[in-house]
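Down below is the structure, laid out as structure tokens.
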Amino acid sequence: MRRAFSVLLILIAFAFTSCESNEPRTRTELRMDTICSITVYTAEDEALLDGAFDIIDETAKIIDMYDPESEISYVNANAASHPVNVSDELFSLLSYAYGVSEASSGAFNIAVGPLVTLWGIGGENARRPSDEEIESTLFLLDWHDIVLDKDDKSVAFLTEGMKIDLGAVGKGYVADKIAAYLRKNGTESAIINLGGNVYMIGARPDGKDWTVGLQDPNSAHGGYYTTVVCRDTSVVTSGGYERLFTDTHGTVYHHILDSSTGFPAVSDLISTSIITPDSTLADMLSTATFVLGSEKAVDLVNSYGVKAVFLTLSGEEIRVGI
Ligand code: AMP
Ligand code: MG
């Protein structure tokens with residue numbers, strides 16, 4: 001059963017001015033558990049948008065651990081018994097995600113699946129697990145126990161019960177694929193917004209930069225605490241205010257987990273936005289930086305040479321590279 005829908009847009013790409021030559025064409029649908037909206041400024045027919053949404057569905061069939069028929073679900077069910085040969089596409093994504101797991105010392109951790117399932121945050125069965133349950137899950141979360149063999153493109157788990165979760169990278173990855181597809185089809189100006197995971201192709205139709213508002217965690221959806229001005233890039237935000245669960249004692253838990261403690265990450269950051277044309281990377285780093293907290297987060301984004309905007313719990317805005 002997939003998680004219940006709970007995320008609204010957290011980034012608002014605004015300043016959609018009408019353009020002289022082509023009217024914007026927008027399609028919005030519920031996909032990947034969130035609102036996906038694509039706006040193109042081209043004279044193309046609806047088939048272009050059909051193709052873009054097909055990419056979302058096709059990619060979910062590879063990476064969605066909540067779909068029992070997906071390729072990653074097959075890996076999760078079998079890789080502890082024997083190495084599983086996977087598609088080139090899944091292998092490259094797993095290799096990339098493994099690298100960021102390593103570079104972030106597990107702040108972003110592709111092996112976090114068993115912990116995500118245990119908490120179930122964002123779904124109907126969310127609960128605060130017992131300390132014993134959390135303790136006995138931690139040993140399943142070491143990404144080093146995922147063996148990626150690049151010669152035969154296979155994945156093996158060294159420990160029974162491990163599970164790969166690509167939830168913190170999937171939307172960025174899909175955004176990159178859609179951006180490549182639209183560019184290939186001649187689109188020079190477009191906005192891809194996958195639940196706040198935004199990709200801007202080119203500049204606005206009037207030639208100016210796009211302005212993106214970053215969701216204010218303390219205001220209703222649509223309010224923003226700051227803006228970034230950019231073109232031809234992706235802006236991806238993670239926040240400890242998106243998918244929440246409140247237990248019977250009134251304690252609120254969020255969906256970004258720290259696999260070293262087994263609990264939702266305790267961070268001095270409330271929102272992390274990464275700005276880079278590599279949306280796959282932006283998605284992974286937005287999650288990693290949230291878990292790491294401000295000091296280590298700045299080091300991590302600098303090591304990747306990407307831009308970032310962080311908002312601390314005390315309301316301070318930290319800009320890196322912009
Ligand atoms: P994001 O909203 O991109 O930060 O991704 C959050 C989602 O990724 C969660 O709903 C989980 O499925 C998964 N996740 C949670 N914590 C982590 C983590 N530390 N590393 C990788 N994935 C995570
Ligand atoms: Mg992410």
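Quick note: residue numbers are just sequence positions, from 1. Whatever order the structure lists them in is the order used to number ligands and atoms, beginning at 1.
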Taking only Lys NZ, Arg NE, NH1 and NH2, and the carboxylate oxygens of Asp or Glu, determine whether [X] and [Y] approach each other closer than 4.0 Å.
{"X": "Asp176", "Y": "Lys171", "result": "no"}
{"X": "Glu188", "Y": "Arg183", "result": "no"}
{"X": "Glu89", "Y": "Lys153", "result": "no"}
{"X": "Glu46", "Y": "Arg27", "result": "yes"}
{"X": "Lys61", "Y": "Asp67", "result": "yes"}

Classify the side-chain pair Asn185/Thr187 by whether it contains a donor and acceptor separated by less than 3.5 Å.
no
Does any non-hydrogen side-chain atom of Ile134 lie less than 4.5 Å from one of Arg128?
yes
Do Phe290 and Val100 sit in one hydrophobic cluster, given that two such residues count as connected whenever their side-chain heavy atoms are within less than 4.5 Å of each other, even indirectly?
no
Atoms of ligand 1, numbered as shown, that sit under 4.0 Å from any heavy atom of [X]:
{"X": "Asp165", "result": "11 (C), 12 (O), 13 (C)"}
{"X": "Asp283", "result": "3 (O)"}
{"X": "Val116", "result": "11 (C), 12 (O)"}

Counting backbone and side chain alike, does Ala168 bring an N/O/S atom below 2.8 Å of the Mg ion (ligand 2)?
yes
Got an N, O or S from Thr287 under 2.8 Å of the Mg ion (ligand 2)?
yes
For [atom], tell me which residue out of [options] has the closest non-hydrogen atom.
{"atom": "atom 18 (C) of ligand 1", "options": "Gly239, Ser259, Ala107, Ser104", "answer": "Ala107"}
{"atom": "atom 2 (O) of ligand 1", "options": "Met65, Met284, His255", "answer": "His255"}
{"atom": "atom 19 (N) of ligand 1", "options": "Val112, Leu257, Leu141, Ile164", "answer": "Leu257"}

Does the separation of the ring centres of Trp119 and Tyr253 fall below 6.0 angstrom?
yes
Are any of the N/O atoms in [X] less than 3.5 Å from those in ligand 1?
{"X": "Ala168", "result": "yes"}
{"X": "Tyr66", "result": "no"}
{"X": "Ser238", "result": "yes"}

For ligand 1, the portion of Ala288 having any non-hydrogen atom under 4.0 Å away
neither
Touching ligand 1 at all, Gly113? Heavy atoms, strictly under 4.0 Å?
no
